[in-house]
Q: 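Would you mind keeping the following structure in view while I ask a few things?
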Number of protein chains: 2
Amino acid sequence: MFKKFKIPEATVGRLTAYSRFLKEADEKGISTVSSQQIAKATGVTPAQVRKDLAYFGEFGTRGVGYNPRELYNYIMKILGLDRRWPVIIIGAGRLGAALAMYGGFAERGFDIVGIFDVDPAKIGNKIGDIEIRPLEELKEKVEELSIKLGIVAVPAASAQEVVDFMVESGIRGIINFAPVNVSVPEGVVLRRVDLASQLEYLTFHLGESR
Amino acid sequence: MFKKFKIPEATVGRLTAYSRFLKEADEKGISTVSSQQIAKATGVTPAQVRKDLAYFGEFGTRGVGYNPRELYNYIMKILGLDRRWPVIIIGAGRLGAALAMYGGFAERGFDIVGIFDVDPAKIGNKIGDIEIRPLEELKEKVEELSIKLGIVAVPAASAQEVVDFMVESGIRGIINFAPVNVSVPEGVVLRRVDLASQLEYLTFHLGESR
DNA sequence: GGCATTTTGTTAAAAAATTAACAAACTTGT
DNA sequence: ACAAGTTTGTTAATTTTTTAACAAAATGCC
């Protein structure tokens, strides 16, 4: 995708939201939607919607609006979702297992194709229809299926080590659920999701009135 | 907490990261840390660290740095974590169950005290040592334990309905894992966590080079 | 005790992101 | 065919956030 300039990080998250609304609209048979409607449904301003889209091109018709299906397809392409992506999970604990079974990934084109762990007691167990395999087999699998995406659901203490190994194995995009800062080399995209921190955001704001 | 002015949203997330580093440092017996050290460990700039802290007061000593334990305590207080918080989860599917068992919450002072679902088949089942209860019992529980925080792990289609009921029951801070935009009245804090969107962030950036 | 060094807290500058404003382009009705 | 009404795409203004700069305060060495 030909990004002219730098795109605000938040734009990517909003594109996701737009796309979900557009899919719904299309399924309802709606033939045009305005930036106003998209904005209302996703909780942003119409100007924001148009600005976000403007980074990537012109998708609407002045005086009319956007065609939901068409714009949906464009956004999915922008997000790199015009294909399916195989994903592996490292860490077969509760969180890893839950993520492996989470239906929301497949819905958006992400297929969990492998789960790896270092605990010998877990190897061979199945989560859904995927067998937990030892971490040593990661590279083989990554190469076999050209896997680029991985999810880290291991304890904080081993996260950096695991991430290093993933990168070495060929993974290029990583979501880290361990509550610790890890570093990756140039060319690898890392995103940290701190679940407890989300609750802390709430308590901070509830505390505002104290 | 006496917030003089508006605090950047990102600051809250960074405070979480700082606090984790400070706790570690304190446990290692380190008696002073600089903004530089905090910055390096959490992946931000030293100026950012000092700016974030400046919103809330003066916690360091010029020429010296910060005392890890002391600053940790301050930050925890700022985040509202100088107490424990009871939390309920709505939705006893895989994600809800995994979140209920996730150890990372308790570590930061959040106790999952209830899980609710509408599916009669699930009522009575246990997740860990918590019994799944029908949604109708939510209000009773919330009032009994003065619960303010809730996590939504239900399908997108029922998320708004569930959130409305939570608010009605007295919940004031909500994390929504359903991939849909829901609205809450004034005075209720809502945070949406879209797991698939996190992967999409990765594919977007991997796609940059296309 | 004074001077060099360190590191904070704060103010100023810069950068980034959001919001607003409006001309251009399309539709519809007469 | 023209006027009135929409709605986009884009430029400009505003707001927010981050980064930089530096005086103030502390330490330690000589």
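The sequence lines fix the lettering, A, B, ..., with proteins before strands; numbering per chain opens at 1. Just the heavy atoms: all of them, side chains too, but no hydrogens, waters or symmetry mates, feed the values below. Quick caveat: nothing in here was measured; it's all calculated off a predicted structure.
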Q: Any donor-acceptor pair under 3.5 Å linking the side chain of B:S197 with the backbone of A:G13?
A: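 Such a contact is absent between B:S197 side chain and A:G13 backbone.
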Q: Under 4.0 Å between a side-chain N or O of B:Y55 and OP1 or OP2 of D:dT18?
A: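 Checking B:Y55 against D:dT18: no side-chain N or O falls below 4.0 Å of OP1 or OP2.
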Q: Would you mind reading off the distance between B:F59 atom CZ and C:dT10 atom C1', rounded to a whole angstrom?
A: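 Taking atom C1' of C:dT10 as the reference, CZ of B:F59 is at 15 Å.
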Q: How close or far is atom P of D:dT8 from atom CG of A:D52, stated in whole angstroms?
A: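 That distance rounds to 14 Å.
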Q: With DNA chain C as reference, determine whether A:A47 or A:E9 sits nearer its 5' end, using the nearest nucleotide of each.
A: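 Closer to the 5' end of DNA chain C: A:E9.
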Q: Examine C:dA17: is either OP1 or OP2 under 4.0 Å from a nitrogen or oxygen in the side chain of A:R14? Give yes or no.
A: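 A:R14 to C:dA17 OP1/OP2: no side-chain N or O under 4.0 Å.
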Q: With a 6.0 Å cut-off (strictly less than), is the heavy-atom count around CZ of B:R69, excluding the residue itself, greater than 12?
A: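 No.
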Q: CG of A:L53 versus P of D:dT8: gap in Å, rounded?
A: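 From A:L53 CG to D:dT8 P: 10 Å.
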Q: Distance check needed: C:dT7 C1' versus B:Q37 CD, whole Å only.
A: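 The answer, rounded to whole Å, is 11 Å.
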Q: In whole angstrom, give the distance that lies between atom CD of B:E70 and atom C1' of C:dT8.
A: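 To the nearest whole Å, that distance equals 14 Å.
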Q: Using whole Å, report how far CG of A:N67 lies from C1' of C:dT27.
A: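 A:N67 atom CG is separated from C:dT27 atom C1' by 17 Å.
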Q: Under 4.0 Å between a side-chain nitrogen and a carboxylate oxygen: does that hold for A:R108 and B:D194?
A: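 No, this pair does not count.
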Q: Of all the choices, C:dT7, C:dG9, D:dT11, which nucleotide is nearest to the side chain of A:K51 once you look at every atom?
A: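 Of the options given, the side chain of A:K51 lies nearest D:dT11.
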Q: Would you say A:D26 and A:Y72 are linked by a side-chain donor-acceptor pair, where the criterion is simply a distance under 3.5 Å?
A: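 Per modelled atom types, A:Y72 and A:D26 side chains form no pair under 3.5 Å.
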Q: What is the separation between atom NZ on B:K6 and atom P on D:dT18, rounded to the nearest whole Å?
A: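 My rounded result for the distance is 11 Å.
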Q: Which of these nucleotides, C:dT18, D:dA26, C:dG9, is closest to any side-chain atom of B:E58?
A: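 Shortest atom-to-atom distance from the side chain points to C:dG9.
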Q: Map B:S35 and A:R50 onto DNA chain C by nearest heavy atom, then report which one ends up closer to the 5' terminus.
A: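 Here B:S35 is the residue nearer the 5' end.
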Q: Check every atom of C:dT8, C:dT18, C:dA23 against the side chain of A:R62 and return the nucleotide holding the closest atom.
A: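 In terms of side-chain proximity for A:R62, the closest of C:dT8, C:dT18, C:dA23 is C:dA23.
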Q: If you check every side-chain atom of A:Q48, which of C:dT19, C:dT8, D:dT19 has the closest atom?
A: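 The listed nucleotide nearest to A:Q48's side chain is C:dT19.
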Q: Whole angstrom is fine here: how far is it from CD1 in B:I38 over to C1' in C:dT7?
A: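 Rounding to the nearest Å, CD1 of B:I38 and C1' of C:dT7 are 12 Å apart.
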Q: Just to confirm, is there a sub-4.0 Å distance from OP1 or OP2 of D:dT19 to any side-chain nitrogen or oxygen of B:T45?
A: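 Yes, within the criterion.
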Q: Counting only heavy atoms not in B:E161, do more than 12 fall under 6.0 Å of its CD?
A: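 Counting neighbours around CD of B:E161, 12 or fewer heavy atoms of other residues, nucleotides or ligands fall under 6.0 Å, so no.
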